[in-house]
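The structure appears right after this line, and notes come after that.
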Amino acid sequence: MLKRTVYCGNLRASDIGKTVTLNGWAHSVRDHGGLIFVDLRDRTGLVQTVIDPDAAPSAHSVAQHIKNETVLALTGRVRQRPEGTENPRIPTGEVELEVSDVEILNTTKVLPFQVDQDTAVNEELRLKYRYLDLRRPAMFHKLKLRHEVVKRIRAYMYEQGFIEVETPIMTRSTPEGARDYLVPYRLQPGLFYALPQAPQQFKQLLMVAGVEKYFQIAKCFRDEAQRADRQPEFTQLDLEMSFVEQEDILGIVEGMTIDVVEALSDKKLIKPFPRFTYDEAMRRFGTDKPDVRFGLELVDCAQILLGTEFGVFKNALESGGQVKAVRYPGGGALSRKEIDDLTAIAKEAGAKGMAYLIVEENGSVRSPIAKFLSEAEIASLLAATDASAGDLIAFIADTPLTVAKALDRLRREIGERQQLADPNLLAFCWIVDFPVFEWDEENNRWTFAHNPFAMPHPEHVDLIESDPAAMRSFCYDLACNGSEWASGSIRIHKPDLQRAILRKLGYSDEQIDEQFGHMLEAFSLGAPPHGGIAPGIDRLITYLTGDDNIREVIAFPKMGGGLDPMTGAPSTVDARQLEELHLEVIYLPEDSD
RNA sequence: GGGGGCGUAGCUCAGCUGGUUAGAGCGCCGGCCUGUCACGCCGGAGGUCGCGGGUUCAAGUCCCGUCGUCCCCGCCA
């Protein structure tokens, strides 16, 4: 085999005159009957090669069999392209390879789809032939970018004194959180390992072990329904530090994020990252992961509507609810149907309806609810929402949670429709001081709002019996453009407090000892104060590439049901395997659910 | 579990209010072509219109069911 002496994409005018060998794939072939042009591609890029029947007759006869994606070794002399035939669209466009020897290393059948074009291809087909999909330069660049990001993150973490430690993939199932993937235990019937949803307990135990600064590029597994930004297995930068406070963790992650984004992309950042408490984010944006690339903050109308006669608003306020509004710039031009669509979005979020005011060009107001409101109320509402001619103001009156949810949806919808968000901006922002508990209406019990290991604010610890909902913790999320990308907390490091929190979550002491005993014991054996965070690597890459689907930045992702059309996983297994694992598959009748 | 979109040639798609033999571009096969770069020109092959049922003189088109996939809700410490 003719072995490569240089990569295709690296050839430049400075190489003119050199005899080189290239290895790669035929990206496109242009056979003129006489001259044959082959654009040869390797992972660095393309270079044009020319096979001349007069200069190299034997090479030419072999080259006639070259088709797209034929695997080649080409030897020849690098030369300047004839004047007027340079290709300024590719970096190697000044030169070409004058081929003297052609070796066909492998041929190809008809391709399931063309790799030399950027036209959209059905995703299932791309995933079935992912190795072909990844040959496309745009896909390779994503793999490469991901590599650069992880490399840069590692360098940053090493520089900061972190130690990289691997934690087990086969571990113990945890009762809370997402559904676990289970691995049957062969040596004893009925026992299972679980794949980790995160290395949470291990990293805390590494702090007890005195590692002090730990990180890992960690695979995590959650058996939950997929979304565009969720895969059953995904990757996090998992980190934990001892003898630190919240500020130390935020500083490390903010510094790392800025370093990576500025080194590896052209995206703009807001520095320093804005910070909101959870309560403030909910009040101003209706969500704990706001897209702060645009304004349109929620406006609380309670003060204005204190004495209102409008039943819907009045009832909401009197029953402890809220009336809040969001401005839709230019929304006055919406048709009746478009307003109905907007209302449907609010209803899908749980709202009973959506009231609105439209400001006409002459300053008058058009609205189904105008007749229920006084002129003073309308004037105050317009002033409070900063409304101007052509705007629509959408109102939601309901419980605080529903108001927040509905207006968050509306705000995002408006932002998207009006293209208010700068696509070149990565607006990271911190959300801090999450609640410790939230009330689970469905199951009539307290559940944790963030994670069960988060340290409550010390001044709130006494509220655990009197007002658990008011307790706040040293929990923090880092959001970006409306999605969550990192989540962490300062942890509880004393057994008594951890036990008290778990009790409040409804665990009996027996259950606590059974499921968390090893943690509590560790905390009683000299656990240092510690905390950590875990940013999502896959999502970070999509921020940098602009992809809206996480599958685009994962080499071998899974489809919706967790299926891999390339390998056919998941698959059935031999009866003998099942027997060894003490498992029996039971097929329930169709309608048994 | 629920809602919505999509499913026509190897790939990407068009196919109107149902009406001759279901089309285009790319790819593939054959021929021509010595400066192209998505080379060009000529010719050709290739379709159970996802699957099943129904309405109709007639279904890619309308209806019902079903399967696959994508997005969203639920779910996701």
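Everything quoted here is computed from the prediction, not taken from an experiment. Naming: A, B, ... by sequence-line order, numbering from 1 per chain.
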Write down the distance separating the [atom1] atoms in [N] and [M], rounded off to the nearest Å.
N	M	atom1	answer
rG60(B)	rA14(B)	C1'	12 Å
rG46(B)	rG10(B)	C1'	9 Å
rG3(B)	rU48(B)	C1'	32 Å
rG27(B)	rG40(B)	P	8 Å
rU55(B)	rG65(B)	C1'	15 Å
rU66(B)	rC39(B)	C1'	47 Å
rU56(B)	rU61(B)	P	16 Å
rC49(B)	rU12(B)	C1'	16 Å

Among [options], find the nucleotide with the atom closest to the side chain of [X].
X	options	value
Asp31(A)	rC33(B), rU69(B), rC11(B)	rC33(B)
Leu35(A)	rC76(B), rC70(B), rG35(B)	rG35(B)
Glu348(A)	rC72(B), rC33(B), rC70(B)	rC72(B)
Ser28(A)	rG68(B), rC71(B), rC39(B)	rC39(B)
Arg89(A)	rA38(B), rC76(B), rC71(B)	rA38(B)
Arg79(A)	rG74(B), rG35(B), rU69(B)	rG35(B)
Arg30(A)	rG68(B), rC37(B), rC29(B)	rC37(B)
Arg551(A)	rC11(B), rG74(B), rC71(B)	rC71(B)
Val50(A)	rG35(B), rU69(B), rC11(B)	rG35(B)
Arg230(A)	rG10(B), rC76(B), rG74(B)	rC76(B)

Nearest whole Å is fine: how far is [N] [atom2] from [X] [atom1]?
X	N	atom1	atom2	value
Ile51(A)	rG35(B)	CD1	P	15 Å
Phe234(A)	rC76(B)	CZ	P	13 Å
Asp548(A)	rC71(B)	CG	C1'	10 Å
Gln114(A)	rG25(B)	CD	P	14 Å
Gln64(A)	rU34(B)	CD	P	12 Å
Leu125(A)	rG10(B)	CG	C1'	9 Å
Arg227(A)	rG3(B)	CZ	P	15 Å
Ile90(A)	rC39(B)	CD1	C1'	14 Å

Does [X] reach a base, just sugar-phosphate, or nothing at all? Heavy atoms under 4.0 Å.
X	value
Glu484(A)	nothing
Gly177(A)	sugar-phosphate
Ala349(A)	nothing
Leu563(A)	sugar-phosphate

A side-chain contact here means heavy atoms from C-beta on lying under 4.5 Å apart; do [X] and [Y] qualify?
X	Y	value
Trp485(A)	Lys289(A)	no
Gln246(A)	Val432(A)	yes
Gln231(A)	Asp538(A)	no

Please determine whether any donor N or O and acceptor N or O are separated by less than 3.5 Å between the side chain of [X] and the base of [N].
X	N	answer
Glu96(A)	rG35(B)	yes
Asn122(A)	rU69(B)	no
Asp39(A)	rC37(B)	no
Glu123(A)	rU69(B)	no
Arg409(A)	rC73(B)	no

Does [N] pair with anything, Watson-Crick or G-U wobble, both distances under 3.5 Å, and if so, with which nucleotide?
N	answer
rC6(B)	rG68(B)
rC39(B)	none
rA24(B)	rU12(B)
rU56(B)	none

What I want to find out is whether [X] reaches [Y] closely enough, with some N-O distance under 4.0 Å, to be called a salt bridge.
X	Y	result
Lys128(A)	Asp133(A)	no
Glu96(A)	Arg79(A)	yes
Asp509(A)	Arg503(A)	yes
Glu94(A)	Arg12(A)	no

> With respect to the phosphate group of rG74(B), does any side-chain polar atom (N or O) of Lys405(A) fall under 4.0 Å of OP1 or OP2?
Replying inline: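 Result: yes.
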
> For rG10(B), does OP1 or OP2 lie under 4.0 Å from any side-chain N or O of Lys109(A)?
Replying inline: no

> Can His32(A) be called stacked on rU36(B) when the rule is centres closer than 5.5 Å and an angle between planes below 30°?
Replying inline: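 Given the distance and angle limits, no, they do not stack.
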
> Under the 5.5 Å and 30° test, is Phe113(A) stacked on the base of rC11(B)?
Replying inline: no

>> Need to verify one output field. Residue with the more 5' nearest nucleotide on RNA chain B, Asp54(A) or Pro112(A)?
In response: Pro112(A)

>> Need to verify one output field. Residue with the more 5' nearest nucleotide on RNA chain B, Ala228(A) or Thr174(A)?
In response: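 Between the two, 5'-proximity favours Ala228(A).
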
> In Å, rounded to the nearest 0.5 Å, how long is the span from CG of Asp288(A) to OG1 of Thr277(A)?
Replying inline: 11.5 Å

> Distance from Phe474(A) atom CZ to Ile490(A) atom CD1, nearest 0.5 Å?
Replying inline: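 These two atoms lie 8.0 Å from each other.
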
